[in-house]
Protein chains: 2
Amino acid sequence: MPESSVAEAAAPARPPVRLGDIAYEKLKESLIRGTYRPGHKLTVRAAADALGVSSTPARDAINRLVLEGALVYTGPKTVIVPHLDSQILEEITLIRLALEGLAAERAGSEGTQTIVAELEAIQALIDAALDEARYADALWHNKEFHFFIYRLAGLPHLLGMIEPLWLRIGASFNDLYPEFALAKYGVHNHRAAIEAIGERDGSSLRAAIESDIRDGFRQLKRAKTADHQP
Amino acid sequence: MPESSVAEAAAPARPPVRLGDIAYEKLKESLIRGTYRPGHKLTVRAAADALGVSSTPARDAINRLVLEGALVYTGPKTVIVPHLDSQILEEITLIRLALEGLAAERAGSEGTQTIVAELEAIQALIDAALDEARYADALWHNKEFHFFIYRLAGLPHLLGMIEPLWLRIGASFNDLYPEFALAKYGVHNHRAAIEAIGERDGSSLRAAIESDIRDGFRQLKRAKTADHQP
DNA sequence: CTGTGATTTTTGTTGCAACATAATGAAGCG
DNA sequence: CGCTTCATTATGTTGCAACAAAAATCACAG
């Protein structure tokens with residue numbers, strides 16, 4: 001996945017590979033994949049053991065995740081995977097609309113033929129994953145689809161602010177109903193997005209992305225309210 | 001200041017007071033106050049000595065600041081106070097317009113008489129500080145003015161995303177020309193903002209805030225280009 | 001069976017030493 | 001005189017043990 005160019009644009013000098021970074025990435029992955037259910041308690045020592053590192057990098061990783069909101073304190077010595085609070089979900093969605101809308105609008109004017117082709121390739125992966133009921137993969141490619149567009153905006157700091165938002169909803173997202181989260185609403189908006197990019201129409205692209213975000217929000221909210229104690 | 005309700009809505013449980021937090025706050029303060037000029041190199045051990053703590057909390061604080069973009073890596077073992085890169089400034093401004101615009105719009109409908117009075121009190125502090133050439137204070141109260149409004153939106157996570165943006169530009173901001181940064185443009189936009197809040201007009205409030213941000217951006221950019229080697 | 005208090009266990013934080021590695025400066029070469 | 005190479009210094013990261021504090025557990029009274 002050649003996303004290094006963007007990363008370099010964001011940070012001209014690359015930080016060294018720290019063990020704590022690896023721990024962070026692994027934990028993040030686990031969170032996105034839904035390995036830990038909401039409410040699960042995280043401990044430094046357990047994470048350290050699980051990741052095969054000492055407590056220092058594990059602590060770094062957990063603290064970073066807490067800072068990003070992917071984990072929350074419930075007590076001075078307790079961090080858990082947060083529950084999907086509907087109020088927070090609404091706020092995140094609001095922020096996503098503002099930030100990802102901005103990124104989409106900016107990305108709109110960067111459309112080329114190759115970019116359209118790449119997006120269609122990703123969309124094909126989503127469709128295939130959906131057809132074959134590999135919902136986790138579909139979710140993953142969905143994320144790729146969005147971030148591929150956002151990267152076009154050429155605003156690396158903006159990108160760096162959007163990513164934690166996905167992590168935040170992703171943790172609870174994957175836990176609840178991954179099997180139908182993406183199936184119904186994604187396709188149409190993505191088609192519209194690809195079309196808008198082909199026409200280099202930033203406004204339409206923004207509209208498509210915002211529509212996608214809103215539809216996802218409704219889906220999530222419905223799943224959430226339907227889930228009052230599993 | 002009864003803002004605890006908002007803080008609790010954001011984080012129901014308070015993390016314990018860690019030494020690293022204190023170190024972070026102190027460093028942040030130094031950064032905002034312009035104690036370290038852009039380009040200054042930060043080291044863990046030096047910070048630890050300066051703050052009277054061991055290396056672990058100092059490292060935590062520096063890493064956190066790096067994560068927020070208030071410090072940057074220039075090499076695997078070198079973190080410095082970032083220079084005010086005009087490209088980054090533009091991107092930050094773009095993000096600020098989106099995020100602070102959203103907060104302002106939301107805050108608009110929350111206007112009351114007491115709120116107008118409070119804002120006018122803060123504005124009076126700004127004016128007084130300006131008159132008496134206490135520019136650092138003026139800058140500080142300016143920040144209070146903005147965040148008082150943003151808090152009204154009742155979106156604590158949004159607030160948490162806006163703050164690091166101020167820290168980021170603040171570091172270089174205070175370093176360059178603090179003496180005339182605020183004097184010329186702030187008053188008019190703030191007046192408009194207060195008026196909009198009084199009328200509970202979210203759109204106008206957003207416009208006033210956006211105008212303020214844009215004016216500040218121009219001011220900053222001019223100072224930056226005028227400053228090619230001090 | 002429930003609520004309460006003490007006891008035990010668990011846990012985060014901190015300080016510190018060891019290690020690997022990058023920055024720095026000096027010397028040598030073109 | 002400028003550039004490269006190498007040795008020295010300085011620095012970030014890591015692992016770990018000690019400590020204080022919170023959470024979990026359990027016993028016991030009502």
Side-chain angles (χ1 to χ4, degrees), chain A residues 4 7-8 11-28 30-31 36-83, chain B residues 8 11-28 30-31 36-83:
Chain A
S4 57
E8 279 166 14
R14 70 272 117 75
V17 177
R18 293 171 300 200
L19 253 186
D21 292 338
I22 300 176
Y24 165 77
E25 292 295 341
K26 282 190 181 179
L27 265 188
K28 189 172 78 171
S30 297
L31 251 24
Y36 306 105
R37 321 280 300 254
H40 185 277
K41 179 175 174 180
L42 277 274
T43 69
V44 170
R45 285 173 175 81
D49 284 347
L51 301 174
V53 297
S54 85
S55 67
T56 310
R59 191 177 83 97
D60 287 351
I62 290 180
N63 279 338
R64 182 166 169 189
L65 258 353
V66 169
L67 207 63
E68 291 172 354
L71 299 174
V72 298
Y73 280 92
T74 57
K77 290 214 172 152
T78 324
V79 298
I80 67 165
V81 181
H83 290 92
Chain B
E8 279 166 14
R14 68 272 119 75
V17 177
R18 294 171 300 201
L19 252 186
D21 292 337
I22 301 176
Y24 165 79
E25 293 295 341
K26 283 190 179 176
L27 265 188
K28 190 171 79 171
S30 297
L31 251 24
Y36 306 106
R37 322 279 301 251
H40 185 276
K41 179 176 174 179
L42 276 275
T43 70
V44 169
R45 285 172 175 81
D49 284 348
L51 301 173
V53 297
S54 85
S55 67
T56 308
R59 192 178 82 98
D60 287 351
I62 290 181
N63 279 337
R64 182 167 170 188
L65 258 353
V66 169
L67 207 64
E68 290 172 354
L71 299 174
V72 299
Y73 280 93
T74 57
K77 290 212 174 157
T78 325
V79 297
I80 66 165
V81 180
H83 289 94

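Below, chain A is the first sequence line, B the second, and so on; all start at residue 1. In this text the structure is predicted, and so the values were computed from the model without any measurement. No hydrogens, no waters, no symmetry mates; every other heavy atom, side chains included, goes into these values.
Residues forming a side chain to side chain contact (heavy atoms under 4.5 Å, CB included) with B:Ala48 (at least two apart in sequence, or on another chain): B:Ala58. Take A:His40 and apply the ring-ring contact (aromatic ring centres under 6.0 Å, His included) test, not counting sequence neighbours, and it matches A:Tyr36. Evaluation of the side chain to side chain contact (heavy atoms under 4.5 Å, CB included) rule for B:Leu19 yields B:Ile22, B:Val53, B:Pro57 as partners, not counting sequence neighbours. Partners of A:Glu68 according to the side chain to side chain donor-acceptor pair (under 3.5 Å) rule, which considers only residues two or more places apart in sequence or in another chain, are A:Tyr24. With sequence neighbours excluded, the residues forming a side chain to side chain donor-acceptor pair (under 3.5 Å) with A:Arg59 are B:Asp60, listed by chain and number. Listed by chain and number, the residues in a side chain to side chain contact (heavy atoms under 4.5 Å, CB included) with B:Thr43 are B:Lys41, B:Ala46 (sequence neighbours excluded).
Closest contact between the side chain of B:Ser55 and the listed nucleotides C:dC16, C:dG12, C:dT21 involves C:dC16. Set against D:dT14, D:dA22, C:dA22, the side chain of A:Pro76 has D:dA22 as its closest nucleotide.
Residue B:Arg59 has a polar side-chain atom (N or O) positioned under 4.0 Å from OP1 or OP2 of D:dT13.
One can place CG of B:Leu71 at 12 Å from P of D:dG12, the figure rounded to the nearest angstrom. Nucleotide C:dG12 holds its P atom 20 Å from the CD1 atom of B:Ile22, rounded to whole Å.
Near DNA chain C, meaning a heavy atom under 4.0 Å from it, residues 40-54 of chain A has A:Leu42, A:Thr43, A:Val44, A:Arg45 in order of number.
Salt-bridge annotation for A:Arg64 and A:Asp21: present, with a side-chain N of the basic residue lying under 4.0 Å from a carboxylate O of the acidic one.
Between its two ends, the helix from C:dC1-D:dG30 to C:dG30-D:dC1 turns its axis by 30°, counting five pairs per end and rounding to 10 degrees.
Using a 4.0 Å heavy-atom criterion, one finds that A:Thr78 contacts the sugar-phosphate atoms exclusively.
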